[in-house]
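Side-chain atoms are counted along with the backbone in the values below, which use heavy atoms only and exclude waters and symmetry mates.
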Amino acid sequence: MKKVLIMLVSVVMLFSMTACSSKKSEEIQEPGIENSEEKASVSSEVPQKTDGYEYGVTEDGYTIITNLDTSKDVTLTMAGWEGGPSETDNLNRALELFSEYYPNIKVEYTPSADSGEGHHGKIMTMFAADSAPDVFYCGSSYVHNFVDRGIIYDITDIFNEAFSLDDYIPAALQCMQYNGRLYGITSCNVGPQLYYNKDLFDAAGVEYPSPDPGKAWTWDEFIDAASKLTVKDENGKVKQYGFYGLEDSELLTAYFNQFDMKYISDDGKEFIATDDPNFKKIFENIKALRTEYGISPQAAFTESAGMNNVQMLLTGMVAMFVEGSWGMEETAESGVNFGVAPLPVMDGGHSATWGQAHIHSIAANTKHFDEAWALLCFLGSDEYQLNMVREGLWTPNKTSCYEPDVIKTWLTDNHPDGYDKFIYYFKDYSSIAPQTVMGGEAQDIFTEECQAYFDGNEELDSVIQEMRSKIDGVYNGK
């Protein structure tokens, strides 16, 4: 094993080995597969591992278990998804480094192309066939599905020996928890933000939005700027739109957080966001950008243009767009002279976005818990995420990474001017993504109904009624 600098005080757990506990086998159903007859009985033997791990931090910043038994060879299986070339490369490099610290552990990683139903349905099927991976990515909106079926390991009792709950920003912590228990470790945080082309702003004489989350544009200021940045040709056809992006059902939910909207009733059976008067206002304001002000195209604009958001910003087809923080790496690599800013604030709301990320989780029935826990600790290390933060793909999930001295270690040329002020948007103004609370199946319904309103031009009241009825049906098991 490589030389280790013990930057954490080595800790020996004070409690002794407890007996394994068993849960009854239960039938599970693949999520998102309607009318499926495929069910299976899955036994979840859950070992309660509390038997004296000691931890340290390596010279290159990774958390390891210093007293792990390395006398026998072990093969761990791990399942995830393709998050983009740089993200996959970062994971592969980390797995190679992991094998240097633990030469007896081989990790077989299998990614899938789909981060939604495809991946999670596959994991469910593998559990039913008793061939589940030892470690897997669990999307934040699927955590409660997996917990309710008893197939994801509860790491609450060992987490605090390696990490501090107090160090995680609220959005990241909420992604890892369900009913006050911990079921995995996030390796980053991502969320929606505003991107803009500085050259187009300069040409139009429009002042840049402040990167300071406490000085975010009002909705009226945003509309005024986007109107000045919308350019038409001699025939009155728009050749440059001021803005694009909020008709995306995932991104627009950031505005739920601006109004501290409650999504689900306390008993978990109703989608109550629709009762909030601001719910309608969000949809109406966003659609008005296109239908009333003419400063934004339809969501299908990228398809018809044959370009993605970054390419449209680069070529001057749009002056601003909303996208997740994961888009910053590509934006920086494109060469566009860009800046980022907090989302404009609607009347009556406050500056806010959402944050979320997948978690690394352990299968409840793994036969290699010690090794799986070692891998979770490794991927939960600061250095693992900071490699991607430096690329501009992720933002940190720990408050300690937002300390000025630490920011200096990851702030790079991939981050635009003013990013040292903007970054606190994700620490202090971000809470959990509503779709995480809603769950995967409910989010699919939400997306479908959003499209009916924005693309199909159905009346908002009928869309809201249909949305609530269908989502309530999911929560009531219909």
- [ ] Test Phe283 against Ile464 for side-chain contact (heavy atoms from CB on, under 4.5 Å), laying out the working first.
- [x] CA-CA 10 Å; Phe283 282 83; Ile464 290 175; 5.8 Å; no
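- The structure places CE of Met317 at 11.5 Å from CG of Asn309, a figure rounded to the nearest 0.5 Å.
- Between Leu252 and Val322, every side-chain heavy-atom pair lies at or beyond the 4.5 Å cut-off.
- With values rounded to the nearest 0.5 angstrom, Leu200 atom CG is found 7.0 Å from Leu313 atom CG.
- Residue pairs meeting the side-chain hydrogen bond (donor to acceptor under 3.5 Å, both in side chains) criterion with at least one member in residues 288-301, sequence neighbours excluded: Glu247-Arg290.
- Using a cutoff of 4.0 Å between basic side-chain nitrogens and carboxylate oxygens, Arg468 and Asp472 are scored as salt-bridged.
- To the nearest 0.5 Å, atoms CD1 (Ile185) and CG (Leu376) are separated by 4.5 Å.
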Open item on the list: Applying side-chain contact (heavy atoms from CB on, under 4.5 Å) to Ser249 and Gln443, what does each step give before you reach the verdict?
Closed with: CA-CA 9 Å; Ser249 61; Gln443 175 63 22; 4.0 Å; yes
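- A distance-only check finds a donor-acceptor pair linking the side chain of Tyr475 to the backbone of Met438 [under 3.5 Å].
- No hydrogens or angles considered: a donor-acceptor pair under 3.5 Å links the side chains of Thr156 and Asp154.
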N/O donor-acceptor pairs under 3.5 Å from side chains in residues 388-398, not counting sequence neighbours:
unit_1	atom_1	unit_2	atom_2	d
Arg390	NE	Thr409	O	3.0
Arg390	NH1	Glu383	OE2	3.1
Arg390	NH1	Asn387	OD1	3.1
Thr395	OG1	Asn189	O	2.6
Thr395	OG1	Asn189	ND2	3.4
Asn397	OD1	Gln385	NE2	2.6
Asn397	ND2	Thr186	O	3.1
Asn397	ND2	Thr186	OG1	2.7
Lys398	NZ	Gly380	O	3.2
Lys398	NZ	Asp382	OD1	2.8

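- In this structure the side chain of Tyr62 never reaches within 4.5 angstrom of the side chain of Phe98, judged on heavy atoms.
- Under a 3.5 Å cut-off, the side chain of Asn90 and the backbone N or O of Tyr384 do form a donor-acceptor pair.
- Side-chain atoms of Ser112 and Asp114 include no donor-acceptor pair closer than 3.5 Å.
- The shortest side-chain heavy-atom distance between Asp444 and Glu117 falls under the 4.5 Å cut-off.
- Using a 30° and 60° split on the angle between ring planes, Tyr429 and Tyr425 fall in the tilted class, from 30° to 60°.
- Donor-acceptor pairing under 3.5 Å is recorded for the side chains of Tyr101 and Asp60.
- Distance alone, capped at 3.5 Å, places no donor-acceptor pair between the His358 side chain and the Trp81 backbone.
- A donor-acceptor pair is defined here as one N or O able to donate and one able to accept, closer than 3.5 Å; such a pair exists between the side chain of Gln240 and the backbone of Leu229.
- Under the 4.5 Å side-chain criterion, counting only non-hydrogen atoms from C-beta, Trp354 is not in contact with Thr436.
- With Ile295 as reference, Leu289 is the one residue of Val238, Leu289, Val318 to meet the side chain to side chain contact (heavy atoms under 4.5 Å, CB included) rule.
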TODO: Apply the test ring pair (Phe, Tyr, Trp, His ring centres under 6.0 Å) to residues Phe136 and Tyr142: give CA-CA distance (whole Å), side-chain angles for both, the deciding distance (0.1 Å), then the verdict.
DONE: CA-CA 12 Å; Phe136 55 88; Tyr142 286 86; over 10 Å; no
Open item on the list: Could you walk me through whether Asn308 and Thr302 satisfy the side-chain hydrogen bond (donor to acceptor under 3.5 Å, both in side chains) test, starting with their C-alpha distance in whole Å, then the side-chain angles of each, then the deciding distance to 0.1 Å, before giving a yes or no?
Closed with: CA-CA 6 Å; Asn308 63 21; Thr302 54; over 6 Å; no
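- When atom types are taken as modelled, the side chain of Lys281 and the backbone of Met346 share no donor-acceptor pair closer than 3.5 angstrom.
- By the neighbour-count criterion of 12 heavy atoms within 6.0 Å, atom CG of Asp413 is sparsely surrounded, having that number or fewer from other residues, nucleotides or ligands.
- Formation of a donor-acceptor pair under 3.5 Å by the Ser304 side chain with backbone atoms of Phe301 is found in this model.
- For the 3.5 Å distance criterion, the side chains of Tyr255 and Asn278 fail to qualify, holding no donor opposite an acceptor.
- Defined by atom type and a distance below 3.5 Å, a donor-acceptor pair is missing between the side-chain atoms of Asp212 and Tyr424.
- Residue Gln356 holds its CD atom at 7.5 Å from OG of Ser141, rounded to the nearest 0.5 Å.
- For the pair Ser381 (side chain) and Thr63 (backbone), a donor-acceptor distance under 3.5 Å is present.
- For the atom pair OH (Tyr137) and CD1 (Ile123), the distance works out to 11.5 Å, reported to the nearest 0.5 Å.
- Judged by distance alone, with hydrogens and angles left aside, the side-chain atoms of Tyr195 form no donor-acceptor pair with the main-chain N or O of Ala319 at under 3.5 Å.
- In summary, Lys408 and Asp420 do not engage in a salt bridge, as defined by a charged side-chain N under 4.0 Å from a carboxylate O.
- Summarising the local packing, NZ of Lys106 is surrounded by 12 or fewer heavy atoms from other residues, nucleotides or ligands at distances under 6.0 Å.
- Lys287 has its side chain within reach of Tyr453: a pair of non-hydrogen atoms, C-beta onward, lies under 4.5 Å apart.
- For Lys228, the NZ atom sits in a loose shell: 12 or fewer heavy atoms of surrounding residues, nucleotides or ligands are nearer than 6.0 Å.
- The OH atom of Tyr153 lies 11.0 Å from the OH atom of Tyr183; values are rounded to the nearest 0.5 Å.
- Looking only at side-chain heavy atoms (C-beta outward), Val310 and Phe338 stay at 4.5 Å or farther from each other.
- For Phe159 and Tyr168, the gap between ring centers is short of 6.0 Å.
- Checking side-chain atoms of Asn197 against main-chain N and O of Gly316 turns up no donor-acceptor pair under 3.5 Å.
- Residues passing the salt bridge (Lys or Arg N to Asp or Glu O under 4.0 Å) test with Asp260, sequence neighbours excluded: none.
- Residue pairs meeting the salt bridge (Lys or Arg N to Asp or Glu O under 4.0 Å) criterion with at least one member in residues 346-361, sequence neighbours excluded, do not occur.
- Gln435 and Thr253 form a side-chain donor-acceptor contact under 3.5 Å, judged by distance and modelled atom types alone.
- Between the side chain of Thr353 and the backbone N or O of Ser430 there is no donor-acceptor pair closer than 3.5 Å.
- Applying the salt bridge (Lys or Arg N to Asp or Glu O under 4.0 Å) test to every pair with at least one member in residues 326-339, sequence neighbours left out, gives no pairs at all.
- Between Cys138 and the options Val143, Asn145, Ile362, a side chain to side chain contact (heavy atoms under 4.5 Å, CB included) holds for only Val143.
- For the ring-ring contact (aromatic ring centres under 6.0 Å, His included) test, no residue two or more places apart in sequence or in another chain qualifies with Trp217.
- No side-chain donor-acceptor contact under 3.5 Å links Gln193 and Ser325.
- More than 12 non-hydrogen atoms from other residues, nucleotides or ligands lie less than 6.0 angstrom from CD of Glu221.
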Open item on the list: Pair Ile423, His415 - check side-chain contact (heavy atoms from CB on, under 4.5 Å), show working.
Closed with: CA-CA 10 Å; Ile423 189 60; His415 301 99; over 6 Å; no
